[in-house]
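Report on one structure; see the data block that follows.
All chains are named by letter (A, B, ...) in the order of the sequence lines, taking the proteins before the strands, and each is independently numbered beginning at 1.
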Amino acid sequence: TQLLEQSPQFLSIQEGENLTVYCNSSSVFSSLQWYRQEPGEGPVLLVTVVTGGEVKKLKRLTFQFGDARKDSSLHITAAQPGDTGLYLCAGARETSYDKVIFGPGTSLSVIP
Amino acid sequence: EAQVTQNPRYLITVTGKKLTVTCSQNMNHEYMSWYRQDPGLGLRQIYYSMNVEVTDKGDVPEGYKVSRKEKRNFPLILESPSPNQTSLYFCASSFLGSGSQETQYFGPGTRLLVL
C-alpha cells in the first residue's frame with residue numbers, strides 16, 4: 001500500500017503551459033521533499049517543506065505544504081522542455097528521516 | 001567533486017549467483033541508504049545506515065544484505081538473486097540532521113537484470 005500517492009501519473013503538455021502535480025497521503029509527515037529525476041540519473045532534490053501551509057518558490061516552481069502536513073503540491077508556471085522529468089515527493093514519517101517514503105512519481109513531458 | 005558512485009552501472013546475472021553492488025560517497029555523510037525503483041512503485045527503501053556498523057531494514061529488505069564497515073562505503077549484497085530482484089537500484093547519502101530531512105544525494109543507479 002502506497003502511503004504517498006501522486007497525481008497525475010503522467011502529464012504531457014505544450015511549452016508555455018502551467019501545470020500542478022499533487023502528492024497526497026492519509027498520514028502526517030514531519031517534512032516533505034520534492035525531487036526531480038531525469039532519465040538515466042538519480043533523483044535531485046528541489047525543495048524541502050517543513051511547516052504546514054508553507055509555500056516555497058524556486059524560479060518558476062512553487063511548492064506548497066498542506067496545512068495538515070498530509071499533502072503537497074508543485075506548480076510550474078510556463079513550463080519549458082527542460083522541466084521534463086519524473087517528479088517525486090518524499091515524506092519523513094517521523095522527526096528523524098530514517099523512514100523516508102517516496103511517492104510513485106509524476107512523469108512530465110513538455111513538448112516544444 | 002562531491003558525489004555518490006555506484007558500480008557496476010549495468011549488470012546481467014543468473015538466478016542464484018551471488019553479486020555485490022558497491023556504493024561510495026566522498027562527502028563524509030553519516031547516513032547512507034539503498035533504494036530500488038520499479039515502474040509505478042517509486043523508490044522503495046531496502047536498507048539504511050546511520051553510521052559505521054549501524055544498519056537497519058527499510059521497507060523491502062528481503063533477499064538483500066548490507067554492511068557498513070567504513071563511513072564512505074555501503075555495499076549491497078544479493079546472496080542468491082532471483083528474477084523479482086530485477087530492478088533499478090540507487091544508493092544515497094546525506095548528513096544526519098536534527099528534525100527536518102536532510103538532502104539525500106543519489107548515485108547514478110545500477111540497472112540489474114536477473115535471468
Side-chain angles (χ1 to χ4, degrees), chain A residues 1-10 21 23-25 27-52 54 56 58 63 65 69 72 85-107, chain B residues 2-6 9-10 21 23-25 27 29-51 54-61 66 68 87-111:
Chain A
T1 303
Q2 288 283 357
L3 292 182
L4 270 174
E5 297 179 343
Q6 290 187 242
S7 61
Q9 186 176 0
F10 299 98
V21 298
C23 175
N24 298 290
S25 175
S27 302
V28 175
F29 290 96
S30 62
S31 62
L32 197 137
Q33 296 178 320
W34 284 93
Y35 287 80
R36 181 169 69 206
Q37 183 180 14
E38 298 186 19
E41 299 182 8
V44 175
L45 180 70
L46 295 173
V47 77
T48 300
V49 286
V50 297
T51 305
E54 181 177 5
K56 280 191 174 180
L58 184 65
F63 305 86
F65 201 12
R69 290 185 289 126
S72 180
L86 180 68
Y87 289 81
L88 297 159
C89 63
R93 286 182 276 190
E94 301 171 5
T95 54
S96 65
Y97 52 84
D98 53 350
K99 297 292 184 184
V100 174
I101 299 295
F102 278 83
T106 292
S107 180
Chain B
Q3 60 183 353
V4 178
T5 56
Q6 296 179 227
R9 293 289 314 275
Y10 304 91
V21 184
C23 173
S24 183
Q25 51 92 6
M27 295 169 278
H29 288 161
E30 299 91 357
Y31 181 89
M32 297 187 75
S33 181
W34 275 103
Y35 297 88
R36 60 177 290 173
Q37 186 174 34
D38 302 287
L41 297 178
L43 286 158
R44 293 180 292 168
Q45 191 175 49
I46 303 171
Y47 270 94
Y48 63 93
S49 170
M50 299 285 234
N51 216 323
V54 181
T55 63
D56 208 345
K57 296 178 181 179
D59 290 317
V60 287
V66 293
R68 188 88 182 274
S87 187
L88 178 58
Y89 291 87
F90 287 101
C91 179
S93 72
S94 72
F95 288 114
L96 273 178
S98 56
S100 65
Q101 300 180 64
E102 291 285 336
T103 301
Q104 287 198 73
Y105 294 86
F106 285 81
T110 294
R111 189 167 291 280

Going from [atom1] on [X] to [atom2] on [Y], what distance comes out if it is rounded to the nearest 0.5 angstrom?
X	Y	atom1	atom2	value
B:Y105	A:L45	OH	CG	8.0 Å
B:L43	A:L4	CG	CG	12.0 Å
A:T48	B:E102	OG1	CD	8.5 Å

Those residues that, when tested against B:V60, pass side-chain contact (heavy atoms from CB on, under 4.5 Å) (two or more places apart): B:R36, B:R44, B:I46
Not counting sequence neighbours, which residues clear side-chain contact (heavy atoms from CB on, under 4.5 Å) with B:S24? List them please. B:T5, B:R72, B:N73
Shortest non-hydrogen contact from B:G40 to A:P104?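 Heavy atoms only, the tightest pair is O-CB, 3.5 Å.
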Does any backbone or side-chain atom of [X] lie under 4.5 Å from a heavy atom of chain A? Answer side chain, backbone, both or neither.
X	answer
B:R9	side chain
B:Y35	side chain
B:Q37	side chain

Can you confirm whether A:Y35 sits close enough to B:Q104 that some side-chain heavy atom of one is under 4.5 Å from a side-chain heavy atom of the other?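 They are in contact (side-chain heavy atoms under 4.5 Å apart), so the answer is yes.
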Of the backbone (N, CA, C, O) and the side chain (C-beta and beyond), which part of A:Q37 lies under 4.5 Å from a heavy atom of chain B, both, or neither? side chain
So what's closer than 4.5 Å to chain B heavy atoms on A:L32: side chain, backbone, both or neither? backbone
Among the listed options A:G42, A:G105, A:A90, the residue most often paired with chain B at heavy-atom distances under 4.5 Å: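 Counting heavy-atom pairs under 4.5 Å, the top option is A:G42.
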Say whether, by atom type as modelled, one donor and one acceptor occur between the side chain of A:E41 and the main chain of B:G107 under 3.5 angstrom.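 It does not hold such a pair.
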